[in-house]
Amino acid sequence: MTKQRATLIGFGAIVLWGVLALLTVGASPTPPFLLNAICFAVGGVLGLIWTARSGGLRQLKDVPMHVYILGTLGLFGYHALYFSALRMAPAAEASLIAYLWPLLIVVFSGLLPGETLRTGHIVGALTGFVGAALIVSGGGAGYDPAALPGYLMAGACALTWSGYSILSRRFGAVPTASVAVFCVLSATLSVPLHLALETTVWPQSATAWSSAFLLGLGPVGLAFYLWDIGVKGGDIQLLGTASYAAPLLSTIVLVVAGVAAPEWSLALAAILITAGALVAARASLKRAA
């Protein structure tokens, strides 16, 4: 597979994450860790079925245990830390800190063998982060000293996903089918956290169940398989910068669906995120040349 094709496949994950918020709203009032368990179970089981039908189950036996540990910590750890951060800090500020992960991917990618981090990648990622900040905070996020533990959780969340994405590059020979095992293990670990921290509320309607299934099929399922292909074989700096399009797409989808109202910050964020992606893409083209 060419680097360009792998990058395009990785973009598919970003597009799917753009409908994450809408489907999560549709699945309410199911609490986060229970929804996590449902979605990861759907994504994992369907992944295992696809792997079995394609004759790839035997490959999973050869995957080193530390890869399964890494993948599970990446998927489950990110969501567990993110939900914990939202419980302990204001949602806008916690989400903004958590959204440092694309910038961290760009920065950490310079440590990978064969990768060259150019100034354009850093500038593009920073520009994208400013755009995402406008969306997440609405232009008015502030700092609350009492929420410091939540901020630290959000920072750990960003480090977890960026670390998982970068380290996945080091295991490029591991089949993407292994993501199915990551999902099943993440669903399993979500159950005790749900029982310990939440009141069980199953989806209450056909719409809610459909939203939960679609979450497991797309943003919390297929997206992780596409992301695995992208970070292992694609332009990881460009993917990191382009990831700031996810909150933009998510907000646009919510506005179109009538769930959220359009804000002035949305247009400015679109300009900044697009500009950041173009700067990063230009840097990648210069590197290739």
Side-chain angles (χ1 to χ4, degrees), residues 1-3 5-20 23-24 26-27 30 32-80 160-161 163-195 202-203 206 208-234 236 239:
M1 181 181 296
T2 65
K3 188 172 187 177
R5 185 181 179 188
T7 303
L8 288 173
I9 291 174
F11 286 157
I14 298 170
V15 173
L16 286 173
W17 288 330
V19 297
L20 177 64
L23 293 176
T24 300
T30 306
F33 284 113
L34 176 56
L35 186 60
N36 222 34
I38 295 171
C39 296
F40 274 121
V42 171
V45 170
L46 290 179
L48 288 176
I49 292 174
W50 172 80
T51 302
R53 289 178 62 87
S54 60
L57 283 180
R58 298 180 65 178
Q59 288 183 311
L60 298 181
K61 297 179 181 178
D62 299 326
V63 175
M65 182 56 65
H66 63 269
V67 173
Y68 284 132
I69 293 174
L70 168 67
T72 303
L73 288 177
L75 270 61
F76 173 75
Y78 171 83
H79 290 83
T160 297
W161 190 252
Y164 162 73
S165 299
I166 291 295
L167 289 173
S168 292
R169 184 80 159 206
R170 303 298 298 270
F171 300 107
V174 174
T176 293
S178 61
V179 174
V181 179
F182 304 164
C183 288
V184 171
L185 292 175
S186 296
T188 302
L189 291 173
S190 296
V191 173
L193 274 180
H194 161 66
L195 295 175
W202 294 100
W209 275 111
S210 297
S211 296
F213 179 78
L214 288 173
L215 276 169
L217 190 63
V220 192
L222 177 61
F224 296 132
Y225 298 90
L226 300 181
W227 187 249
D228 186 77
I229 294 172
V231 296
K232 284 179 177 176
I236 196 165
L239 282 171

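Every heavy atom of this structure was used, including side-chain atoms; hydrogens, water molecules and symmetry mates were not.
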(message) Quick check: F224 with W227 (ring centres under 6.0 Å apart)?
(response) no

(request) Could you tell me the separation between the OG atom of S190 and the CD1 atom of I38, rounded to the nearest 0.5 Å? (result) 10.5 Å

(message) Let me confirm one number: the OG1-CG distance from T51 to L46, rounded to the nearest 0.5 Å.
(response) 10.5 Å

(message) So which atom in C183 and which in L75 form the shortest heavy-atom distance, rounded to 0.1 Å?
(response) SG-CD2, 3.9 Å

(message) Tell me the closest heavy-atom pair linking G77 and T160, and the distance in Å.
(response) C-CG2, 4.1 Å

(request) Hey, can you tell me if H66 and F171 have their rings parallel, tilted or perpendicular (30° and 60° cut-offs)? (result) tilted

(request) Could you tell me whether the side chain of L185 reaches within less than 4.5 Å of the side chain of F40, counting heavy atoms only? (result) no

(request) Ignoring hydrogens and angles, tell me if any N or O in the side chain of T72 forms a donor-acceptor pair with the backbone of I69 under 3.5 Å. (result) no

(message) I need the S186 OG to Y78 OH distance, nearest 0.5 Å.
(response) 13.5 Å

(message) Testing the basics here: between L70 and Y164, what is the closest heavy-atom pair and its distance to 0.1 Å?
(response) O-CD1, 3.9 Å

(message) Testing the basics here: between W209 and P203, what is the closest heavy-atom pair and its distance to 0.1 Å?
(response) NE1-O, 3.2 Å

(message) So V220 and L20, do their side chains get closer than 4.5 Å, heavy atoms only?
(response) yes

(request) Step through the shown structure and confirm whether more than 12 heavy atoms of other residues, nucleotides or ligands are within 6.0 Å of CE on M1. (result) yes

(request) Check whether any side-chain heavy atom of I9 sits under 4.5 Å from a side-chain heavy atom of Y225, and report yes or no. (result) no

(message) Side chains of F11 and L239, heavy atoms from C-beta outward: is any pair under 4.5 Å?
(response) yes

(request) Grab the two heavy atoms, one from Y68 and one from L60, that are nearest each other, plus how far apart they are. (result) OH-O, 2.7 Å

(request) Keeping the roles fixed (side chain from K232, backbone from A6), state whether a donor-acceptor pair exists under 3.5 Å. (result) no

(message) Just verifying a value: how many Å separate L16 CG and L215 CG, rounded to the nearest 0.5 Å?
(response) 11.0 Å

(message) Would you compute the distance between atom CG of L217 and atom OG of S210 and round it to the nearest 0.5 angstrom?
(response) 11.5 Å

(request) Heavy atoms only: give me the nearest T188-P192 pair and the separation to one decimal. (result) O-CD, 3.1 Å

(message) Would you compute the distance between atom OG1 of T24 and atom CG of L214 and round it to the nearest 0.5 angstrom?
(response) 11.5 Å

